[in-house]
Number of protein chains: 2
Amino acid sequence: MSAMPAKRKTLTSMDEIARLARVAKSTVSRAFQDSPLLNPATKARILAIARRHGYTVNANAQKLRTNRTNTIAVVMHLPHTSESAAAPFFFQLLNDVAQGLWVRHHDLLLCSPEADDAYYYESMISSKRADGIIFLGQGPGDKWLRDLARTRVPFVVWGAADDRASYCTVGSDNRKGGILTGQRFAQLGRRRVLFVGNRAHPEMEHRRRGLEAAMKAAGNAAEIVDVEIPDFTFETGYSAMTAYLARKRARPDAVFAGSDSVAMGVVMALREANLQVPGDVSVIGYNDLPSARYFLLPLTTIRQDTHQAGGLLVEKLFQMLDGAKPTSARVPTELVIRQT
Amino acid sequence: MSAMPAKRKTLTSMDEIARLARVAKSTVSRAFQDSPLLNPATKARILAIARRHGYTVNANAQKLRTNRTNTIAVVMHLPHTSESAAAPFFFQLLNDVAQGLWVRHHDLLLCSPEADDAYYYESMISSKRADGIIFLGQGPGDKWLRDLARTRVPFVVWGAADDRASYCTVGSDNRKGGILTGQRFAQLGRRRVLFVGNRAHPEMEHRRRGLEAAMKAAGNAAEIVDVEIPDFTFETGYSAMTAYLARKRARPDAVFAGSDSVAMGVVMALREANLQVPGDVSVIGYNDLPSARYFLLPLTTIRQDTHQAGGLLVEKLFQMLDGAKPTSARVPTELVIRQT
DNA sequence: GTGAAAGCGCTAACAA
DNA sequence: TTGTTAGCGCTTTCAC
């Protein structure tokens with residue numbers, strides 16, 4: 001059934017409903033706010049009339065008046081070309097954040113990062129498009145986030161904790177992820193490990209440091225070489241690894257990749273170069289994507305709990321909107337050993 | 001740099017800016033609208049002052065006044081549990097739609113389908129939260145979409161074209177996808193094919209009919225059996241196939257799956273039952289996900305151009321907002337033969 | 001329990 | 001080229 005009869009011209013303002021119900025506009029307003037002051041009978045009558053006429057409260061007038069939007073902006077890097085597979089991990093996180101937002105009856109405004117400049121995000125808030133912002137990922141360098149922290153913009157970030165705790169983050173324990181990887185490599189007797197990532201991203205830098213610490217602690221004088229990549233797709237992993245193998249004589253015996261997608265690309269490149277995985281080279285990814293499990297060679301990887309993460313991001317942001325100053329949080333990190 | 005100096009209290013209304021610039025409020029308004037009427041010098045002066053004071057136009061007042069939101073709602077089924085892998089295909093589509101929307105300077109409100117009831121969507125529009133709606137997927141049955149088409153709500157749908165053309169869709173040529181699959185199976189001499197999908201979804205029904213037509217045309221008296229599944233995840237494909245094999249004596253020699261994820265689940269189930277893919281059983285998926293290519297067994301599948309689709313969805317919706325009545329469109333469909 | 005009145009910040013018609 | 005004015009539809013005092 002079409003819920004709103006087409007015949008009746010649908011009414012668009014409280015005044016009109018008020019007139020029909022023979023009450024004041026303010027009474028209609030109270031009915032829609034479910035005010036306890038209001039006589040239940042009056043309320044029911046008003047709501048019935050409104051429904052019959054396809055009336056809904058104008059959200060913009062409401063937002064203007066109350067100075068509250070009930071909207072949260074979620075900023076996520078969307079790949080500009082569709083060639084590069086959209087980062088599945090962030091979509092998973094987006095999904096979990098969205099759940100948390102529905103539950104709290106807030107709208108989700110999906111945004112792409114504009115210039116990495118605090119100004120853009122300040123104006124999102126000052127123009128009253130959203131009450132707060134959730135950033136899915138820090139990107140390389142977080143200076144602009146520190147800048148943003150100096151303003152009145154309420155926001156939380158998925159990513160590595162800021163050393164100076166200038167803003168609130170939720171992230172996996174990246175250092176631990178690095179340590180688990182290092183321990184695994186050490187245990188397998190690996191000595192020439194490649195870190196295929198990007199240390200400009202705070203998260204990656206933490207992983208890298210954990211990796212180094214663990215390998216050092218194990219004491220078998222391993223060497224870590226960095227292969228810098230600009231993004232974390234399969235294609236990038238594949239071509240970075242291929243290029244590396246073409247250029248260098250020394251073969252790595254282990255690779256720690258910045259994401260599962262990268263890890264899969266690395267495995268493909270390795271196989272094409274006739275290196276056995278995991279015989280000659282061990283490979284460990286990050287995120288435990290669903291597809292990591294069903295890859296050609298089920299991928300060994302670091303898992304983080306995105307569902308919990310999504311909930312935490314939302315929760316922290318709401319605490320902030322309530323005037324609190326929430327602390328950063330970590331979600332646990334775990335090594336999933338499969339066949340690489 | 002923090003773009004807005006913290007010292008100065010940031011101004012929040014045009015009146016205040018007008019006073020500082022010694023002009024009328026309407027002149028400030030014109031400056032922000034980039035009105036050609038305005039003296040460029042005046043405009044520059046106003047904008048400079050505004051910027052200096054961290055002023056931005058209040059979007060809600062603007063929306064209220066102009067009765068335009070510059071926002072499009074995108075409705076997408078987000079899995080309520082994180083167990084089931086979020087449908088990667090729709091995220092890809094979301095990404096492409098988002099691109100199209102940025103380009104046109106529109107905001108994207110991400111929504112989850114509430115009750116499959118036209119009322120909910122009518123109120124999204126009548127409450128002026130969005131100017132139009134893009135539905136990513138029809139779901140099982142599209143009666144409510146036909147209902148919605150009888151209202152004044154501007155919307156377009158990713159999915160199968162409605163027989164009665166009551167609303168505008170963009171979708172892949174599902175029938176052709178079915179035909180390509182049928183031809184391939186026929187050419188391989190397959191006779192007992194399983195359709196693992198859900199005919200309540202119009203898209204699936206079209207594929208299924210194409211499959212049947214092609215197999216009939218090939219003339220080798222094949223039989224098609226339906227395995228109904230409620231969603232299109234790996235897990236569902238896996239368990240549906242496992243259950244089927246446990247129940248039935250007759251082995252299929254071909255499977256046409258509702259999505260690549262389902263196809264991968266099917267392949268796993270088949271292997272566990274000691275059936276060779278593609279030796280004993282051919283499997284064809286749908287969507288050509290990035291991960292389909294790097295699956296355990298690179299997946300044979302039907303590819304559709306989501307990038308083009310995203311652009312078309314946005315374009316059609318804008319035509320509709322301009323008062324036109326755009327026709328439904330199809331994006332091409334192609335068989336990608338790999339190893340299943 | 002309900003009504004009257006003021007005003008949120010903006011745009012656009014009209015006037016100058 | 002700029003200013004004046006009248007609302008857009010709502011919430012929220014304050015009165016009764």
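Throughout, a chain's letter reflects where its sequence line sits, starting with A, and its residues are numbered from 1.
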Trainee: Using a 4.0 Å heavy-atom cut-off across all strands, classify B:Lys25 as base, sugar-phosphate, or nothing.
Mentor: base
Trainee: With a 6.0 Å cut-off (strictly less than), is the heavy-atom count around CZ of A:Arg152, excluding the residue itself, greater than 12?
Mentor: no
Trainee: To the nearest Å, give me how far apart CZ (B:Arg22) and P (D:dG3) are.
Mentor: 12 Å
Trainee: Mapping B:Thr66 and B:Pro36 onto DNA chain D by nearest heavy atom, which one lands closer to the 5' end?
Mentor: B:Pro36
Trainee: Assess whether a salt bridge exists between B:Arg19 and B:Asp15, defined as any Lys/Arg side-chain N lying under 4.0 Å from an Asp/Glu carboxylate O.
Mentor: no
Trainee: Can you tell me which residue among A:Phe90, A:Tyr121, A:Trp158 is in a ring pair (Phe, Tyr, Trp, His ring centres under 6.0 Å) with A:Phe135?
Mentor: A:Tyr121
Trainee: Phosphate oxygens OP1/OP2 of C:dG9: is one of them under 4.0 Å from a side-chain N or O of B:Gln62?
Mentor: no
Trainee: For D:dC10 and A:Gln33 - does any side-chain N or O of the residue sit under 4.0 Å from the phosphate oxygens OP1/OP2?
Mentor: no
Trainee: Starting at atom CG of A:Asn60, determine the distance to atom P of C:dG7, rounded to an integer number of angstrom.
Mentor: 22 Å
Trainee: Round to a whole Å and report the spacing from OH of B:Tyr55 to P of C:dC10.
Mentor: 3 Å
Trainee: Rounded to the Å, how far apart are B:Leu64 CG and C:dG9 C1'?
Mentor: 9 Å
Trainee: Side chain of A:Thr42, base of C:dT2: donor and acceptor closer than 3.5 Å?
Mentor: no
Trainee: B:Asp34 has an atom CG; how far is it from atom P of C:dT11, in whole Å?
Mentor: 13 Å
Trainee: What is the distance from CZ of B:Arg65 to C1' of C:dG9, rounded to the nearest Å?
Mentor: 11 Å
Trainee: Find the distance B:Arg19:CZ to D:dG3:P and express it as a whole number of Å.
Mentor: 14 Å
Trainee: Any N or O donor-acceptor pair under 3.5 Å from the base of C:dG3 to the side chain of A:Arg30?
Mentor: yes
Trainee: Are B:Gln33 and B:Ser29 close enough that a side-chain donor and a side-chain acceptor fall under 3.5 Å?
Mentor: yes
Trainee: Report yes if a side-chain nitrogen or oxygen of B:Ser29 is closer than 4.0 Å to either non-bridging phosphate oxygen (OP1 or OP2) of C:dT11; otherwise report no.
Mentor: yes
Trainee: Regarding A:Lys128, tell me which of base, sugar-phosphate or nothing describes its non-hydrogen contacts under 4.0 Å with the strands shown.
Mentor: nothing
Trainee: Expressed in angstrom and rounded to an integer, what is the separation of A:Arg68 atom CZ from D:dT12 atom P?
Mentor: 12 Å
Trainee: Could you check whether B:Ser26 gets within reach of a base, just the sugar-phosphate, or nothing at all, counting any heavy atom under 4.0 Å?
Mentor: base
Trainee: Hey, what do you get for CD (A:Glu315) to CD (A:Gln308), rounding to the nearest 0.5 Å?
Mentor: 10.0 Å
Trainee: Below 4.0 angstrom from OP1 or OP2 of C:dG9, is there any side-chain N or O of B:Thr12?
Mentor: yes
Trainee: Looking at C:dG3, I'd like to know if its phosphate oxygens (OP1 or OP2) sit under 4.0 Å from a side-chain N or O belonging to A:Thr27.
Mentor: yes
